[in-house]
Number of protein chains: 4
Amino acid sequence: MTVRIGVIGTGAIGRDHARRIEKVLQGGRIVALSDVNAASAEAVRADIAPDARVFASGEELIAAPEVDAVLVTSWGATHEQYVLAALKAGKPCFCEKPLATTAEGAKRIVDAEVALGSRLVQVGFMRRYDAGYVALKKVVDSEIGAPLMVHAAHRNPTVPEQYVTPMAIHDTLIHEIDVLRWLLNDEYVSAQVVFPRVSSHSHSQLRDPQIILLETKKGVRIDVEVFVNCRYGYDIQCQVVGEEGLANLPEPMSIVMRKDARQQNAILTDWKDRFIASYDVELQDFLKAAANGTASGPSSWDGYVAAISSDACVKAQETGEIVPISLPERPALYN
Amino acid sequence: MTVRIGVIGTGAIGRDHARRIEKVLQGGRIVALSDVNAASAEAVRADIAPDARVFASGEELIAAPEVDAVLVTSWGATHEQYVLAALKAGKPCFCEKPLATTAEGAKRIVDAEVALGSRLVQVGFMRRYDAGYVALKKVVDSEIGAPLMVHAAHRNPTVPEQYVTPMAIHDTLIHEIDVLRWLLNDEYVSAQVVFPRVSSHSHSQLRDPQIILLETKKGVRIDVEVFVNCRYGYDIQCQVVGEEGLANLPEPMSIVMRKDARQQNAILTDWKDRFIASYDVELQDFLKAAANGTASGPSSWDGYVAAISSDACVKAQETGEIVPISLPERPALYN
Amino acid sequence: MTVRIGVIGTGAIGRDHARRIEKVLQGGRIVALSDVNAASAEAVRADIAPDARVFASGEELIAAPEVDAVLVTSWGATHEQYVLAALKAGKPCFCEKPLATTAEGAKRIVDAEVALGSRLVQVGFMRRYDAGYVALKKVVDSEIGAPLMVHAAHRNPTVPEQYVTPMAIHDTLIHEIDVLRWLLNDEYVSAQVVFPRVSSHSHSQLRDPQIILLETKKGVRIDVEVFVNCRYGYDIQCQVVGEEGLANLPEPMSIVMRKDARQQNAILTDWKDRFIASYDVELQDFLKAAANGTASGPSSWDGYVAAISSDACVKAQETGEIVPISLPERPALYN
Amino acid sequence: MTVRIGVIGTGAIGRDHARRIEKVLQGGRIVALSDVNAASAEAVRADIAPDARVFASGEELIAAPEVDAVLVTSWGATHEQYVLAALKAGKPCFCEKPLATTAEGAKRIVDAEVALGSRLVQVGFMRRYDAGYVALKKVVDSEIGAPLMVHAAHRNPTVPEQYVTPMAIHDTLIHEIDVLRWLLNDEYVSAQVVFPRVSSHSHSQLRDPQIILLETKKGVRIDVEVFVNCRYGYDIQCQVVGEEGLANLPEPMSIVMRKDARQQNAILTDWKDRFIASYDVELQDFLKAAANGTASGPSSWDGYVAAISSDACVKAQETGEIVPISLPERPALYN
């Protein structure tokens, strides 16, 4: 069965997902497009999905009977309304992060899905589909004993002027927040943020770098260096220290050269290259589940937990305090 | 446009390619199957391509009007006849290695394709599609100056008793023979084989390991260690030394652990895992070209050159001499 | 000129230093020995320095006119008295860590040396003489821009039952405390300790592992994982992240093998092997300075600062608070 | 006991060895110096060994009663005469490579030493004292099964115009010739040389790079790439492939940095840095044996075998043939 997909929001990521479904993956077809900028939707139709219909609004697209499932790749502030509409329509829905701009908004989605009684929403936390993290999880689950600590880093070469201190949490750390609780099968109980001296390559509205300290229910201590003006590259590090040994996230493939008195290999500089393959895998997973009228992978609950945890980290940034993180009971739907 | 594919030979690799086309790749559909063992073809139909028709012979399958293109994945001795039949029918044809069991047979295919005047055949040298070799070629072409030497190794943990000395060329070195001339954009002019002491893990009909020395037109010297009872893993190494520096084929991704007084990471032991992704890429390339009624990637000419070069290596095994390799003029079709 | 050395305390480290001076290094000779256990001193005399004289007490040894310089390698609680005696006698003195068991004791030594007006004391912080740290310091000083963060780890395979929680500071972290302020040319201003879940390989009096967070005057943030039951090896890690890039402490030399489906190399398991060469270098440095009637390398001031900083870390262990570290003005003698 | 050393030849290496004995090592003292250029000997006396006596000739130095042992670090063509003189005088003698400029000359030394009935000569093959080779030998002897192949490389960034093709054997490969037979505990039986295209950075009298193929009695096959204009660095590689696994010579210590979109670490460019520590170890070994009136380490026999093997390699360069290497029976003295 081919899943007929409608895409709400045809900017960079929406267009790219449309391309995946039309040109790379199996089991889906783009039949509907919508964007606040109609010309953008029209362009994606012309370039990628000539048989798709362009809708004036996301709500109309969701309601269209020829649409089996929905991708929400619009501006973050609109995610909640479209996901809720998709749930109301009973249609599987892939939503890019954030699921909602507030924890309350994410909770409304969780509540709606729980009321419905079956999963329909997948959130776009693509790292869970990265071959490196998948391999690391297998080793963590089987080879190094109980995890005790995680040392992680999330480094970007540079960020634009609009990127301000709290975005280190909402736009950057958010990926570690999701992937580490999945990796450890654990939940956070507190957050603290410490600020090293600010890099001279940062700007006045951005305290960069930062170190975020997270504690989990099982007592694992996590430190994540977020350094978004590190200059040298886009570099994602993750080391898990267990009772019997430690394991590291693999490096991206690169050619080791000897040249100019250096052994050297390139480090990625564009984040888009790092997890490029995992976008294919996550969307293929969505298509497969959607063909059965359901959803798998990162759930609304995961999006909600990420929102609560992020909020605590931002509060920790602002106060310098150790901020507790408390989660409601996890609904049975998400077990 | 969806390319309607017929598969001749539904053993392990034929079944796997059928799965790829039906479940992973875009642009193709399995419509026809054939195998000397009809039950095998029937099983693939039942499991993977329920709408496909099972043909009594490869020739009938090739002739069927609903078949747009052909995969030849049958027993090696039958490749030539099916490829020639596909050429006669004017249908794009993907042929697993070897293109033919003799250089003469491969030449008959080249002649037929040249007479036809357009490419229809792709040979299954999948390493050219491996992300590691592709990255290495890019570096070799741009960063390390003129290539002077290649140091390579092709190691298997073990081989069955039926694997005898010349198979180190025909079944194992054949991949280096193809990929290194592609990597260097060069041709071989001589071959020599030297035999170290035989590993005690080998058997009486197999001199293992071997070192094959190849010389190219441009004067590059290549040494390839072939060691098929190396015990420790399936390990493919390739280092190109150029005038300005050197570059290495990347290692497969693996998790570096520290445990039991060792820093350690797993080495693959099953060859099927090493180039698994490149099979997808080569077949996607075939589907794309077939949709345009042509073929790209490794050609009949490449299959023919591999056959001539292999024959020289086997002669070098037998004689201990430096055996010249001389190729006919390359037809313009393959430039 | 040959410096005539007296050794106070002829246990493992004292004996080993005596061997160095007699058998490996240039410029020194062991002429005097003393130990609370006279038999021990006698044994070292017999085995290593047959011409040396055994003294009944450290004080007598220090006073002996044939002794030019003193090694204090006795039980920690006696260091202060012997160093003060050596200062009084105006003789260069190498003292193993700790310089004194309390910050107050260390301060008395500093005061005495300042009153004397010239350096005579070297403290046995051997890491400053390790080739890896020396190379790292050079890179930190010149290649990676202003340091912003240090991620470090100090791991032991196991510790005996007598090793209790505060010893993670006094016996283990003490080395990072000294070497990192030297590496960064900076001082600490605060300490915090966080405790992950306790490893099941620890025991009831030891919270293991621990993470110590240090902040420096210049704003560098340091995290040190101390994990003394890590099982897999003795492993010292240090990564400095600067404004322009990052640099890592090198790993000890080891042979990379491929065997048993693993790429693998041994990790040290005995701490004595890790810095073995640096003991030679530090003592050679002592002999060289002593020949000129002075001392270089880690000073009394460094020993005093280490004591103050350690005390703060222990308080941070006990309270869970961020504990300020405040140092007196550095006497000009130590600039 | 302090060994009183006379140095014949006070150029770069002679001066450096004098410095070692006077400033670094234990158990020796420079008491005599001699050089064809008397001013050079005088300068070393003034700078390093003020109490030494300068002799007009090597022969007089050897004969002087205050000289216990001799270092021969003069021009290669004079080595034989001085070593023979030292043997005649019954004095331990350390001779830099080559032991003699011809195999016949080396044989004369072996014969003289055998006639004497005890070892007095150590040849300056310092690699046997390198910590990396020592560690590799231990692994080869115990962990990877019977050796089958060795893949080695000896690369220099550049050589002067006077360096011509045969010097790739006599000055460069000579180190692999000695160290690999020691590593394998084996002897060579044949040599072959193949020439890749010449690097454009070479000059008209130098075919660079070269690959030397050696076969041993036990059937091990060795390939050594000698590339003395490799541009990028001074790089010594050695990989031993055994029946159960493989082992690699360790890389020199260096700091791994991440900077400028590269993971990178420096490669040595000056050969003097690579084995610097092993010169200390070899000379200390000489001093220790000389104190007992004998010699250990690389022997006259080793120097003789190196000469025979080198000659075969040069013949292989000249002829392109596989040149047999046949050694006389090894005298019992060298077992």
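Lettering of chains follows the sequences in order, A, B, ..., and the numbering in each one begins at 1. Note that this is a predicted model, so its numbers are computed, not measured.
- Annotation: maximal heavy-atom pairing with chain B below 4.5 Å, among Glu244(A), Glu143(A), Lys138(A), occurs at Glu143(A).
- A side-chain donor-acceptor contact under 3.5 Å links His154(A) and Glu176(A).
- The closest side-chain donor-acceptor pair between Arg127(A) and Tyr133(A) falls under 3.5 angstrom.
- The candidate with the highest count of non-hydrogen atom pairs below 4.5 Å against chain B, out of Pro250(A), Gly245(A), Gly27(A), Pro252(A), is Pro250(A).
- Looking at Ala131(B), the atoms closer than 4.5 Å to chain A (heavy atoms on both sides) sit in the backbone and in the side chain alike.
- Defined by atom type and a distance below 3.5 Å, a donor-acceptor pair is missing between the side-chain atoms of Asn156(A) and Thr172(A).
- Val256(A) touches chain B through backbone and side chain together, each having a heavy atom under 4.5 Å away.
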After noting the C-alpha distance and the side-chain angles of Phe275(A) and His175(A), does the key distance pass the ring-ring contact (aromatic ring centres under 6.0 Å, His included) rule? CA-CA 12 Å; Phe275(A) 294 106; His175(A) 288 290; 7.3 Å; no
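- When heavy atoms are compared at a cutoff of 4.5 Å, Val24(A) approaches chain B solely by way of its backbone atoms N, CA, C and O.
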With side chain to side chain donor-acceptor pair (under 3.5 Å) as the criterion, how do Tyr279(A) and Asp16(A) come out once you've worked through the C-alpha distance, each side chain's angles and the decisive distance to 0.1 Å? CA-CA 9 Å; Tyr279(A) 290 109; Asp16(A) 207 36; over 6 Å; no
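- Proximity to chain B is absent for every atom of Gln239(A), based on heavy atoms less than 4.5 angstrom apart.
- Heavy-atom pairs under 4.5 Å with chain B were tallied for Lys23(A), Gln284(A), Gln263(A); the largest tally goes to Lys23(A).
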